[in-house]
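Below, chains carry the letters A, B, ... as their sequence lines are ordered, and counting in each starts from 1.
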Number of protein chains: 2
Amino acid sequence: MTRIDDVARLAGVSTATVSRALRGLPTVSAATRRRVLAAAEQLEYAVSPSASRLAGGRTGTIAVVVPRITRWFFGTVVEAVEDFLQQSGYDLLLYNLGGREQTRQRVLRTADLHKRVDAVMLVATPLRPAELTALTRLELPGVTISSGTPVPGWPCVRIDDVGVARTATRHLLDLGHRRIAHITGDPDELAYTTHLDRRRGYRDVLRDAGITPDPYLDVESQFTIGGGARATEELLRRGDPPTAIFAACDEMAMGAMTALRDAGLRVPQDVSVIGVDDHDLASALGLSTIAQPAAEQGRLAARILLDPLHGGPPAPPVRRRPDPPGSPVILPTRLIVRESTAPPRAH
Amino acid sequence: MTRIDDVARLAGVSTATVSRALRGLPTVSAATRRRVLAAAEQLEYAVSPSASRLAGGRTGTIAVVVPRITRWFFGTVVEAVEDFLQQSGYDLLLYNLGGREQTRQRVLRTADLHKRVDAVMLVATPLRPAELTALTRLELPGVTISSGTPVPGWPCVRIDDVGVARTATRHLLDLGHRRIAHITGDPDELAYTTHLDRRRGYRDVLRDAGITPDPYLDVESQFTIGGGARATEELLRRGDPPTAIFAACDEMAMGAMTALRDAGLRVPQDVSVIGVDDHDLASALGLSTIAQPAAEQGRLAARILLDPLHGGPPAPPVRRRPDPPGSPVILPTRLIVRESTAPPRAH
DNA sequence: CTGAAAGCGCTTACAG
DNA sequence: CTGAAAGCGCTTACAG
């Protein structure tokens, strides 16, 4: 493999100059830069990341932590982030927690993390108090997406989860529903707030309409298709089924549709169903939903993260954001009405 | 951050000994090892990957290249691979091609890759001749999953795509169908063989049954839900619809079910549908399919890749597999009959 | 705008 | 089983 001194020799300059020219630093004359680039091209030179990182103190790598890459939201976010990082010349180090305690500890072993990446993106990953303390002490730049623990100094990109639930529930009320159930996920997980926020929005709107939220119509399970199915079966088992179900995500809504069908109930004639996300399959299934911009959240978070990291043209390594940002960036969501929601049948 | 000499000082040994003890090399006395580990623990020492990589010549990183992480098969594979690598102490560098020429070039810029990772896993990513040549010259260890270009010296983990198609088609024939359509994906992509293999199995079985494959019943689109829907719409537009559709993957099958429903046709009463994968949603939708072990393929491929990489306990860096493996490892698949396939209605 | 030299934090022969 | 020393391939003050 060609090294930097091969390029330096061919271009007739020092290795320091090659380094500067290749990184686009402004302190290199146009003529010299041209010669260096030509030499590098000719020798098919690629910088050694290990050497560059050791000498420069930057890793050029971003850690992206997600609960489960196979869930629609996280896959979509990662795809968008990877795209952005790739174009910016950063590597993406993927951590898929997958509910494994061991992985979790490895990721949040902060000394490990600190020497491995320049910044961290935490997607819907709530932190335990000890983890938060350790991470904060690191002074690594970072960004969070979606609900989770706010990390001091880290910007946050998300949607308005309470608002989303309000919109969904109001849509069902507007159609004339009164017995509206809610199914949601992950009660056992850490300090997730997504399911709490969405439940809050649901209850608030019911109360505004003069309806007392009925605990019997509120079932927790997992944020998956199977979780939605199980929650719905539980709902049906309790007797006196609702005329509408607000599922905390589309995957759960799909599970609900299946469980309803299996129970001989038709959607929307017998029971209306609405979810949250606008999953790829939602339109195929005719599922009404509150669309959230997943890719956009990933892209924006990546942009925010890299912006201070670059620290301007001469790119001195910046170890933390100059101005710790305040409130989260809230991206808009919108109601999409499809075939899975309709007025309840007359009594 | 603590460095190796901090640990050495506390333990009262040289940095060389710390290095050996921490990596578990056998040439360290038990007592010394204990002291080193205690010191490292006490100082919360974590090795610097950059320094270690530069000095050791190994990156401890595996590149995983997938077409689109958001597609079921690839997400599931990546999750399994990440799990395995994580447990083995390797980092996973994710490359999501996403049809972007630019990313593709960056990934397959071999000098870049060589300095960045110890090995490569190529998932369903066919190579252009120039890419194959460059990659082969690198002498990097690697493994491929699913169809794609065989790389000399790289093992391959996959399923029998021809066999899968045969089983699916035969299932439809056994039910009594004669007008069986096939919808598949990615004709524009590079030298994919998946769609070719599956088409071959489909045609072979038809011919065995004395049926001449009808090009009018064979539509190409994309390997996605939308692709399946579009292919099916095209099929219906051509008139005289089939009584059954064999879709090259479950996502296309789901799109087909939607398109059929939109056209006022019922599944399976009017048209039977079968896919390939056993996607998470397949059982929810009652979709008959040929199940393939996606996670298992990822896990196995990771194991194969790391096995020679470790090269035994003393772990000297091995640059290529000792014995270039021969034929691919073929994992079993199985027919799962659900509600989307049934005998055709009597004429 | 450019170069010589030090240094980033490890691992690896080599010697004992 | 252990240590002293060289070296991995860059980047960064520092000096000019």
Look at all strands and tell whether A:Thr32 reaches a base, only sugar-phosphate, or nothing, counting heavy atoms closer than 4.0 Å.
sugar-phosphate

Rounding to an integer number of Å, can you tell me how far A:Leu54 CG sits from D:dC10 P?
12 Å

Between D:dG9 (P) and B:His114 (NE2): distance, integer Å
11 Å

Any sub-3.5 Å donor-acceptor pair from B:Gln42's side-chain atoms to B:Ala38's backbone N or O?
no

If I take atom CG in residue A:Asp5 and atom P in nucleotide D:dT11, what distance separates them, rounded to the nearest angstrom?
12 Å

State whether B:Ser29 places a side-chain N or O below 4.0 Å from either non-bridging phosphate oxygen (OP1 or OP2) of D:dT2.
yes

Establish, with yes or no, whether the OP1 or OP2 oxygen of C:dT12 is under 4.0 angstrom from a side-chain nitrogen or oxygen of B:Arg23.
yes

CZ of B:Arg58 versus P of D:dC8: gap in Å, rounded?
19 Å

Does B:Ser19 have a side-chain nitrogen or oxygen under 4.0 Å from the phosphate oxygens OP1 or OP2 of C:dT11?
yes

Give a yes or no on whether the backbone of A:Leu43 and the side-chain of A:Thr2 come within a donor-acceptor separation of less than 3.5 Å.
yes

Do B:Thr133 side-chain atoms and B:Pro129 backbone N/O form a donor-acceptor pair below 3.5 Å?
yes

Can you check whether B:Ser52 has a side-chain N or O nearer than 4.0 Å to OP1 or OP2 of C:dC10?
no

Does a side-chain N or O from B:Thr17 land closer than 4.0 Å to OP1 or OP2 of D:dG3, or not?
yes

For a quick check, tell me whether the side chain of A:Arg20 and the base of C:dG3 share a donor-acceptor pair closer than 3.5 Å.
yes

Taking only the side-chain heavy atoms of B:Arg3 (C-beta and beyond), determine which of C:dG9, D:dT2, C:dG3 contains the nearest atom.
C:dG9

Are the side chain of A:Arg158 and the backbone N or O of A:Ser146 linked by a donor-acceptor pair below 3.5 Å?
no

To the nearest Å, give me how far apart CZ (B:Arg9) and P (D:dG3) are.
14 Å

Using heavy-atom distances to pick each residue's nearest nucleotide on DNA chain C, tell me which of A:Ala16 and A:Ala30 is more 5'.
A:Ala30

How many whole angstroms separate atom CG of A:Leu25 from atom P of D:dA13?
12 Å

Which heavy-atom pair separates A:Leu140 from A:Ala119 by the least distance, and what is that distance?
CD2-N, 4.3 Å

Residue A:Ser14, side-chain heavy atoms: nucleotide from C:dG9, C:dA4, D:dG3 that is nearest:
C:dA4

Quick check on DNA chain D: between A:Ala51 and B:Val28, whose nearest nucleotide comes earlier from the 5' end?
B:Val28

Checking B:Ser88 side chain against B:Phe84 main chain: does a donor-acceptor pair fall under 3.5 Å?
yes

For C:dG9 and B:Tyr45 - does any side-chain N or O of the residue sit under 4.0 Å from the phosphate oxygens OP1/OP2?
no

Rounded distance in Å - CZ (A:Arg33) to C1' (C:dT2)
13 Å

Both B:Ala55 and B:Val13 contact DNA chain D. Which one's nearest nucleotide lies toward the 5' end?
B:Val13

Quick one: does any side-chain atom of A:Arg23 pair with a main-chain N or O of A:Ser19 as donor and acceptor, under 3.5 Å?
yes

Under the salt bridge (Lys or Arg N to Asp or Glu O under 4.0 Å) criterion, do A:Asp118 and A:Arg53 qualify, and how do the steps go?
CA-CA 10 Å; A:Asp118 293 334; A:Arg53 287 166 191 184; over 6 Å; no

Euclidean distance, atom CD1 of residue B:Ile4 to atom P of C:dC8 [Å, nearest integer]:
14 Å

Within the pair B:Lys115 and D:dC10, is there a side-chain N or O less than 4.0 Å away from OP1 or OP2?
yes

With Watson-Crick and G-U wobble geometry limited to distances under 3.5 Å, how should the secondary structure of DNA chain D be encoded in dot-bracket form, using | for bases paired to another strand and [ ] for crossing pairs?
|||.||||||||.|||

